[in-house]
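Keep in mind it's a predicted model, so treat the numbers as computed, not measured. First the proteins, then the strands, lettered A, B, ... as listed; each starts at 1. Only heavy atoms go into these numbers, but all of them, side chains included; no hydrogens, no water, no symmetry mates.
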Amino acid sequence: MSLPAIDLPVFHENGFQRKKCRITGLWFWTTDSDRETCGDTFEDEYTFIGEPLIPSFPQRGKALKDAMRESFLTFFESYQHQRVEPYPVLARWRDDIHLTIASIADFQPHVTSGQSEPPANPLTISQPCIRLTDVDAVGRSGRHLTTFEMMAHHVFNRPDDGQVIYWTDQCVRYCHELFTHKLGIDGNQITYVENPWCGGGNAGNALEVIVGGLELATLVFMDLEEHPQGEIELKGDRYSTMPLQIIDTGYGLERFCWAAAGTPTIYEAIYPESVQWLKELSNFPRVLEHWPDLQLDLILSELSRLNGIMNIEIGTDAEVLQSMILEKLAERGVHLTSKQYVSITEPLSRIYAIPDHMHAISHMLGDGLVPSNAKAGYLARMLARRVLRMRDDLGLTVSLRELGVHHLECNLAGEVQKQTHDGILHILDLEETRYEEMMRKGSQVMLTMLRELSKDATIIPDEILFQLNDSHGIPPDIAITLASKLGWSHVQLRTGFNAEMAERHAKLAKQASLQESSTKRLDLDGIQSTEPLFYDDVYCVEFNSKVLKSIVLESGFHSTASHCIILESTLFYPEGGGQESDRGHLTQSGSRIEVLDVQKQGEIILHFTNGPVDEHQEISGAISWERRKQLMDHHTSVHIVGGAARILLGPHIFQAGANKSEEMARLDITHYGRLSREQLDEIEDLANRAMKEIDETQKTILSRKDADATHGFDLYQGGAPKGDVIRVLKIGEHDTQACGGTHHDYPGQIGLIRIVRSTAVQDGVERLHIVAGEAARKHLRQQEKLLSQTSDIFGIQSSELPKTADRFFKEWKEQKKRIEQLEAEIVRLRTSGGGDATSSIDGVRCVVMETDGDLKQMTTMLKELTLDSTTPTLAILASSNGGPKLMVALTENSIASERYNAVEILKVMTPHIKGGGGGKPTFAQAGGADATGLPNALKAGKLFLGLGE
RNA sequence: GGGCGUGUAGAUCAGUUGGAAGAUCGCUACCUUGGCAUGGUAGAGGCCCCGAGUUCAAAUCUCGGCACGUCCA
């Protein structure tokens with residue numbers, strides 16, 4: 001079964017009729033009896049360019065957006081919708097996406113699953129969103145953006161409970177009234193296209209609202225969820241109805257603005273000052289001076305119209321696309337040469353994309369994001385690098401900071417949420433420095449990689465281009481430009497290379513996603529949730545409960561435990577939130593078993609033990625207080641240190657992960673630079689002050705709705721919690737976050753917090769190693785021991801260590817050098833006077849000697865013997881220092897090296913020491929197992945050379 | 001989260017099949033000059049990131065760690 005038609009009274013009352021689109025085959029509603037297409041086809045061109053569809057919005061840019069947004073929100077407020085402030089663009093409350101991609105994303109998954117209450121119902125919102133999927137089309141298509149605001153009205157109905165606020169008909173009524181009455185759009189221009197929507201496990205009927213060839217809104221009536229036996233089939237998946245009925249609408253603010261402005265592209269409607277500024281900076285008007293007859297606005301308008309009706313496949317070859325577009329433009333009476341087309345669209349596409357990208361960057365950094373080489377931080381870096389590249393392509397001399405200053409002033413005046421202006425600009429500076437460094441290193445790497453390539457080459461091998469892109473951050477087109485500058489003037493990018501590279505990346509990503517994690521789970525059907533007792537009183541160590549289940553584990557299921565016990569209630573804290581589990585023991589009728597590990601599966605707490613207990617019987621348990629106290633010391637310290645770091649370093653400090661064990665705690669924080677010991681000391685000082693000054697921690701339990709409303713999304717430092725119950729831990733004004741761990745009621749009980757050191761986890765994330773309480777004292781003792789052991793070796797006070805170690809290291813280096821010189825001197829002395837070791841064959845000095853030096857010393861000696869080209873020398877050295885060794889060297893480029901081959905001579909000798917070796921014709925070395933054979937080896941060598949005994 | 005890459009002189013980087021540690025700039029001294037720019041000659045400067053392993057032999061190969069870079073989801 002598929003979805004039924006959307007046949008609503010509102011359509012009939014307003015004179016709409018249902019038709020089937022001649023092109024797409026979709027059903028649509030229209031008041032125009034002559035209309036045959038749904039409005040969103042290749043025949044439906046934009047009608048609003050030059051002829052605004054929405055009257056009475058004379059503003060442009062931010063003012064236009066503000067006015068349009070306000071008129072949307074007030075319209076719905078007048079119909080009892082509550083206005084909800086926009087959520088951050090970083091979706092901190094979700095662990096499946098990094099960025100807020102739609103207004104409904106604010107309410108997923110907890111509200112849309114029915115678990116949590118929405119902040120208001122019905123509600124209206126204008127949510128800034130970022131989508132990077134079409135990032136390549138931004139600036140080129142005339143309409144694509146990475147950052148946009150999705151205006152919406154949302155309703156969450158529970159029909160089973162009789163709670164229905166409104167559904168399809170009323171939804172369309174609001175939409176239609178907004179369009180026709182509030183905004184003054186001609187009703188004849190509007191089509192409502194029936195096109196079911198599905199995504200993320202949900203689905204529903206939907207209407208696309210098309211005006212003037214542009215999709216202005218989508219109305220989704222989400223009441224289906226994926227179900228294998230579902231009765232409704234949509235795009236290959238089966239769905240059944242769910243208890244919740246959700247109205248999910250999306251009205252594109254920027255598109256409304258475009259329709260109101262009627263500009264050739266959307267960018268001129270929403271970023272007019274920036275476009276103008278960048279045009280001036282890049283001297284764009286001069287481009288047009290070459291062709292005074294060209295009408296730029298007409299060209300751009302036609303291009304936008306074309307792009308609006310053309311569905312361009314990703315990966316379409318640029319040249320093919322260009323000739324296609326030129327042909328179509330000609331059909332429309334706009335005649336352009338290929339050169340004119342490129343001269344206009346290449347710079348303009350960048351001028352248009354830069355403000356869009358800056359908008360996304362400003363929003364992301366404004367929300368406290370730190371650029372990085374992984375996760376969401378990478379997305380910000382990627383955008384920043386795109387901007388810098390486009391800036392360079394345009395030949396602009398402004399810095400990223402200046403672009404940022406302009407954007408914040410012009411397009412975001414006073415609307416940055418969390419990060420300070422200075423913070424954003426500082427991060428932009430750092431990103432630009434990094435970009436420059438990358439480009440500089442990239443050119444060096446290219447020079448090395450291309451060394452083998454002939455200067456007449458026309459293509460750079462694929463492997464080199466792949467590696468330049470993936471490992472060094474040099475995209476193929478930049479690689480080509482750089483290569484041309486470096487002397488390979490004929491190289492060009494092979495057609496279709498970019499598409500191939502994308503395919504290759506997609507393949508790798510697919511392979512990676514196939515590697516599934518196999519976490520072992522127990523079958524716990526029918527067992528009730530365990531009641532946690534550890535929250536009520538964190539200082540309680542003993543409890544009584546009843547055994548629900550005692551399971552014998554298969555061997556290998558757990559590394560140390562043999563059994564798994566499930567209780568009605570427990571004091572044992574299971575591993576979670578980065579905190580390790582409690583340990584202790586369970587006692588039943590006099591016999592005692594040890595609890596070795598505690599885990600959570602769903603809402604059931606599993607005690608892993610070294611023995612069984614009787615099911616359905618009473619049991620008493622006790623946790624190890626020493627361990628619990630230490631874990632609480634560490635966990636509470638992590639919060640305090642995190643808060644201190646945020647106060648000292650800035651609002652971008654966010655917890656990226658944490659771990660608390662008995663020995664130590666780790667806290668990963670987002671920050672854009674490495675931390676010095678001085679900074680760590682400051683954080684440590686503040687943390688210790690806070691620990692002492694704050695009397696009591698406040699622990700509250702809130703519903704998600706209330707927690708979000710009271711504390712905002714910085715609450716979710718430890719990741720997105722599941723469920724509707726949020727435990728909030730507040731430590732004075734120092735730190736507030738959602739956390740399910742066990743914490744001290746009185747921070748002062750920790751005693752001492754030490755930040756041992758910091759390491760880098762990835763770019764943009766710094767790991768703080770923390771010890772607290774007893775562990776801090778243990779750590780201190782250990783450090784003292786290390787110091788005293790080391791200073792004992794030197795026989796000095798530990799305070800003298802750095803000085804002494806430095807002296808020893810320096811002296812060691814000096815002595816090493818001296819020994820080398822002395823050894824060379826010895827060799828000179830032993831060889832200069834002739835003697836037994838030296839003889840001569842036809843003008844070649846032959847030195848055969850046994851020494852007691854090691855490998856390094858022997859090479860030094862050989863150097864001394866053979867480097868002087870005026871005395872052609874053949875030298876054979878033997879040594880038994882560190883195993884038998886033989887070396888043969890010849891003076892290079894002399895009669896010695898012409899006559900003899902060091903490797904051949906060596907081969908005669910090595911069998912005597914039971915070894916092997918090799919080298920170059922002028923320098924060979926060998927080692928072996930039998931040192932007693934050395935004299936014989938030397939004899940064999942002499943014999944080979946014809947030297948008598 | 002996954003993939004790839006880099007760590008060698010004060011700086012920027014080479015180092016081929018595992019077999020003698022290199023270049024350029026900078027530094028020091030001397031020569032050239034009235035002085036400077038410049039030019040010439042010589043010299044100093046290396047725990048080849050750290051730790052294991054393989055090997056007769058490791059800057060080079062393998063594994064682990066540390067530091068850094070980069071692409072993708």
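Partners of A/H652 by side chain to side chain contact (heavy atoms under 4.5 Å, CB included), not counting sequence neighbours, listed by chain and number: A/V370, A/Q419, A/H671, A/Y672.
Rounded to a whole Å, the CD atom of A/Q444 is 15 Å from the C1' atom of B/G15. Rounded to an integer number of Å, the gap from CD of A/Q762 to C1' of B/G2 is 13 Å. Distance A/L379 CG to B/G1 C1': 13 Å, rounded to the nearest Å. Residue A/M501 contributes atom CE, which lies 14 Å from atom C1' of B/G3 at whole-angstrom precision.
When the C1' atom is used for both B/U16 and B/G22, the distance is 14 Å, rounded to whole Å. Distance noted for atom P between B/G19 and B/A58: 11 Å (whole Å). A gap of 27 Å separates the C1' atoms of B/A14 and B/U54, to the nearest Å. The separation of B/C4 from B/U62, taken at their P atoms, amounts to 13 Å, rounded to a whole angstrom. Between B/U8 and B/A59, the distance separating the two C1' atoms is 7 Å to the nearest Å. Rounded to whole Å, the C1' atom of B/G34 lies 25 Å from the corresponding atom of B/U28. Comparing the same atom, C1', in B/G15 and in B/U6 gives a spacing of 15 Å after rounding to whole Å. Across the C1' atoms, B/A11 and B/G7 are found 15 Å apart, a figure rounded to whole Å.
A/L90 has its side chain out of reach of A/H98: every pair of non-hydrogen atoms, C-beta onward, lies at least 4.5 Å apart. Proximity of A/L400 to A/L388: side-chain heavy atoms (C-beta onward) are separated by under 4.5 Å at one or more points. Side-chain contact between A/R674 and A/E766 is present, with at least one heavy-atom pair separated by less than 4.5 Å.
Within a 6.0 Å sphere centred on CD of A/E800, heavy atoms belonging to other residues, nucleotides or ligands number more than 12.
B/A29 is paired with B/U41 under the criterion used here, namely a Watson-Crick or G-U wobble arrangement in which both key atom distances are under 3.5 Å. Partner assigned to B/G22 is B/C13, using Watson-Crick or G-U wobble distances below 3.5 angstrom.
For the pair A/K375 and B/A73, the criterion of a side-chain N or O lying under 4.0 Å from OP1 or OP2 is not met.
The salt bridge (Lys or Arg N to Asp or Glu O under 4.0 Å) analysis of residues 904-927 of chain A, with sequence neighbours excluded, yields no pairs.
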At a cut-off of 3.5 Å, list every protein nitrogen or oxygen paired with a nitrogen or oxygen from nucleotides 42-46 of chain B, distance to 0.1 Å.
| from | atom 1 | to | atom 2 | distance (Å) |
| --- | --- | --- | --- | --- |
| B/G45 | OP2 | A/K817 | NZ | 3.3 |

Can you pull every protein N or O that's under 3.5 Å from an N or O on nucleotides 25-29 of chain B?
none

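Using a 4.0 Å cut-off between charged nitrogen and carboxylate oxygen, A/D392 and A/R385 do not count as a salt-bridge pair. A salt bridge links A/R381 with A/E431: the closest approach of a Lys/Arg side-chain nitrogen to an acidic carboxylate oxygen falls below 4.0 angstrom.
With ring centers used as reference points, A/F713 lies under 6.0 Å from A/W93.
The residue A/F466 sits apart from the nucleic acid: no heavy atom pair falls under 4.0 Å. At a threshold of 4.0 angstrom between heavy atoms, the contacts of A/E437 with the nucleic acid are absent.
When atom types are taken as modelled, the side chain of A/Q789 and the backbone of A/L786 share no donor-acceptor pair closer than 3.5 angstrom. When atom types are taken as modelled, the side chain of A/T891 and the backbone of A/T873 share a donor-acceptor pair closer than 3.5 angstrom. Using modelled atom types, no side-chain atom of A/D356 and backbone atom of A/L145 make a donor-acceptor pair closer than 3.5 Å.
Out of B/C47, B/U12, B/A73, the shortest distance to the side chain of A/H98 is found at B/A73.
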**Message:** Within the 4.0 Å limit for protein heavy atoms, which parts of nucleotides 50-71 of chain B are touched? Write it as a string from 5' to 3', B for base, S for sugar-phosphate only, - for none.
**Reply:** ------B----------SSBBB

Taking only distance into account, with no hydrogens and no angle test, what donor-acceptor pairs under 3.5 Å do side-chain atoms of residues 476-484 of chain A form with protein atoms, sequence neighbours excluded?
| from | atom 1 | to | atom 2 | distance (Å) |
| --- | --- | --- | --- | --- |
| A/D477 | OD1 | A/R389 | NH2 | 3.3 |
| A/D477 | OD2 | A/R389 | NH2 | 2.6 |
| A/T481 | OG1 | A/D477 | O | 2.8 |
| A/S484 | OG | A/I480 | O | 2.9 |

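Across the interface with RNA chain B, nearest-nucleotide mapping of A/Q467 and A/R440 shows A/Q467 to be the residue nearer the 5′ end.
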